[in-house]
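Note that ligands are numbered from 1 as they come in the structure, with each ligand's atoms numbered from 1 the same way.
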Amino acid sequence: MSKVKTVFYCSNCGAQSSKWIGKCPSCGEWNTYTEEVIEREKGTSSWKKKENPTAKPKTVQEIKPIPEERIVTHDSELNRVLGGGIVPGSLILIGGEPGIGKSTLLLQLALRLEKIKVLYVSGEESDHQIRMRAERIGVKNSECYILPETSTALVFRHIQDLQPQIVIVDSIQTMQTELVDSTAGSISQIRECAGEFQRYAKESGVPVFLIGHITKEGVIAGPKILEHMVDTVLQFEGDRHYSYRILRTQKNRFGSASELGIYEMQGEGLREVTNPSEILITQREEMLSGISIAATLEGMRPLLVETQALVTQAVYGTPQRTTTGFDGQRMRMLLAVLEKRCGFFFGVKDVFLNIAGGISVEDPAIDLSVIASILSSYEDKPLPPNICFSGEIGLSGEIRAVNRIEQRISEAAKLGFEKIFVSGYNKKINGSGKSRIEVIAVNKVEDLIRRIL
Ligand code: TYD
Ligand code: MG
């Protein structure tokens, strides 16, 4: 009699253990171990039952270089985050919260490609539901095949009949392989199914997109392991109350890992946003205190964003510090710098900080603008119009240089800003002659205060 073999997996990072443990030794999370049945005698992967002649070792010189022919899609934002199009044989994971628009994004991709055979496997929706969605987006590609299926063995059988050029799997959590007994969505199922698609992609050269759900904490459900298996990880994010969506590269074996694509969710699907700065900055007539503009950079792309601060008298004992789209710890550090170096007193003030447009910014160059907006609200004095900021703040109140300052300056100039404050430590900044923008170098927060208030 064969014994049922079980293993415990950490649902956060995928670590494995033969017995239950309370705290995961690899990621430190508590109470994440779940038991799963594994059975491994069935051997071969289900997409190809026949034994494959194994690849022979070759020297690097023997391997024929194949020209990297990427599939360039109609979606310039997607091309950008993928590093210039879809690489043949790549495995791409797109993660995001439910309802953010992952299915819409990939169905749209499938429908807008022309003369490319796409297979869209859906384990989440029926073909009628997908048809309805396709009608909203607008059907173009006559070679877009929809397959509502969850068993990988059947999916691969259809793939062999159809020979698609791109495969989309919505979602990896709904797929199920015969190789393991546990239910769909469990760690071992996800890993095994992803492994099958990985082998298929590598052996056939067909790019495969996997959609993955995200847990509350923002990690792709289950699988840190998934992130290791795939070539590219894209994160689809955005505030559901705003229509803007951001597609961020988290890992990319074929390009930069800090790219960013911006979309707007509309009635007819997702629209690419090619001029993000113009929508992130509110055009207003009157001047208000607490508002300033930062020249930030996301990946290779300059982005001007609006930071809004509100400093008010604290009513309760402990003053509040609330941020949206910006790291709360970092704001507390900036407040400490203002207290220690410039003599402001925030102990009895509530401070709220918001990045407009529902996006979140990690570029440290936003610091200078954050400080400017906080001070503007503290003093209740609006900043002069048409100025923007780009610089990182150090603990001693120095304004530190940021990378690619020329690019930031020229974007600000393009959008009609008249002055930009940058760090004096940035070398060779001379407003590139032609542009009318005035570049003001400041070295310390005190200098900035003297200049703007
Ligand atoms: P969906 O792609 O189903 O999200 P996910 O696959 O990430 O769970 O997107 C769902 C949301 O998008 C839903 O609230 C409806 C909205 N939507 C539009 O606003 N316009 C459209 O054209 C489409 C297809 C969806
Ligand atoms: Mg979906």
Y378 six-ring centre to K349 NZ/CZ under 6.0 Å and within 45° of normal | yes

Atom 19 (O) of ligand 1: the protein heavy-atom neighbour that sits closest, reported with distance to 0.1 Å | M265 CG, 3.3 Å

Salt bridge between R133 and E125, side-chain N to carboxylate O under 4.0 Å?
-> yes

For ligand 1, does K102 get within less than 4.0 Å through its side chain, its backbone, both, or neither, judged by non-hydrogen atoms?
-> both

Counting only heavy atoms not in M132, do more than 12 sit closer than 6.0 Å to its CE atom?
-> no

How long is the gap from OG on S243 to CD on E264, to the nearest 0.5 Å?
-> 4.0 Å

shortest atom 15 (C) of ligand 1-to-protein heavy-atom contact is with R136 NH1, 4.4 Å

Go through ligand 1 atom by atom and flag the ones less than 4.0 Å from a non-hydrogen atom of T104.
-> 1 (P), 2 (O), 9 (O), 24 (C), 25 (C)

At a 4.0 Å threshold, what atoms of ligand 1 neighbour a non-hydrogen atom of P98?
-> 8 (O)

Only one of R271, R301, R245 passes salt bridge (Lys or Arg N to Asp or Glu O under 4.0 Å) with E77, and that residue is R301

For atom 21 (C) of ligand 1, is the nearest protein heavy atom under 4.0 Å away?
-> yes

Are any of the N or O atoms of G269 closer than 3.5 Å to those of ligand 1?
-> yes

Using 2.8 Å as a strict upper limit, say whether an N, O or S atom of S103 approaches the Mg ion (ligand 2) that closely.
-> yes

With a 4.0 Å cut-off on heavy atoms, is Q266 touching ligand 1?
-> yes

Would you please test E411 and R408 for salt bridge (charged side-chain N to carboxylate O under 4.0 Å, His left out) and show each step?
-> CA-CA 5 Å; E411 175 78 2; R408 301 167 193 261; over 6 Å; no

Give the atoms of ligand 1, by number and element, whose distance to some non-hydrogen atom of E268 is under 4.0 Å.
-> 22 (O)

Could you find the nearest protein heavy atom to atom 3 (O) of ligand 1 and give me its residue, atom name and distance?
-> R133 NH1, 3.0 Å

Would you call the rings of Y263 and F236 parallel, tilted or perpendicular if under 30° counts as parallel and over 60° as perpendicular?
-> perpendicular

What is the distance from atom CD of E135 to atom CD1 of I130, rounded to the nearest 0.5 Å?
-> 13.0 Å

Hey, looking at atom 11 (C) of ligand 1, which of G99, G101, G267, G96 has the closest heavy atom?
-> G99

Flag yes if more than 12 heavy atoms outside K419 fall under 6.0 Å of its NZ atom; otherwise flag no.
-> no

the protein heavy atom lying closest to atom 6 (O) of ligand 1 turns out to be S103 OG, 2.6 Å

State the atoms of ligand 1, each with its element, that fall below the 4.0 Å cut-off from a heavy-atom position in E97.
-> 7 (O)

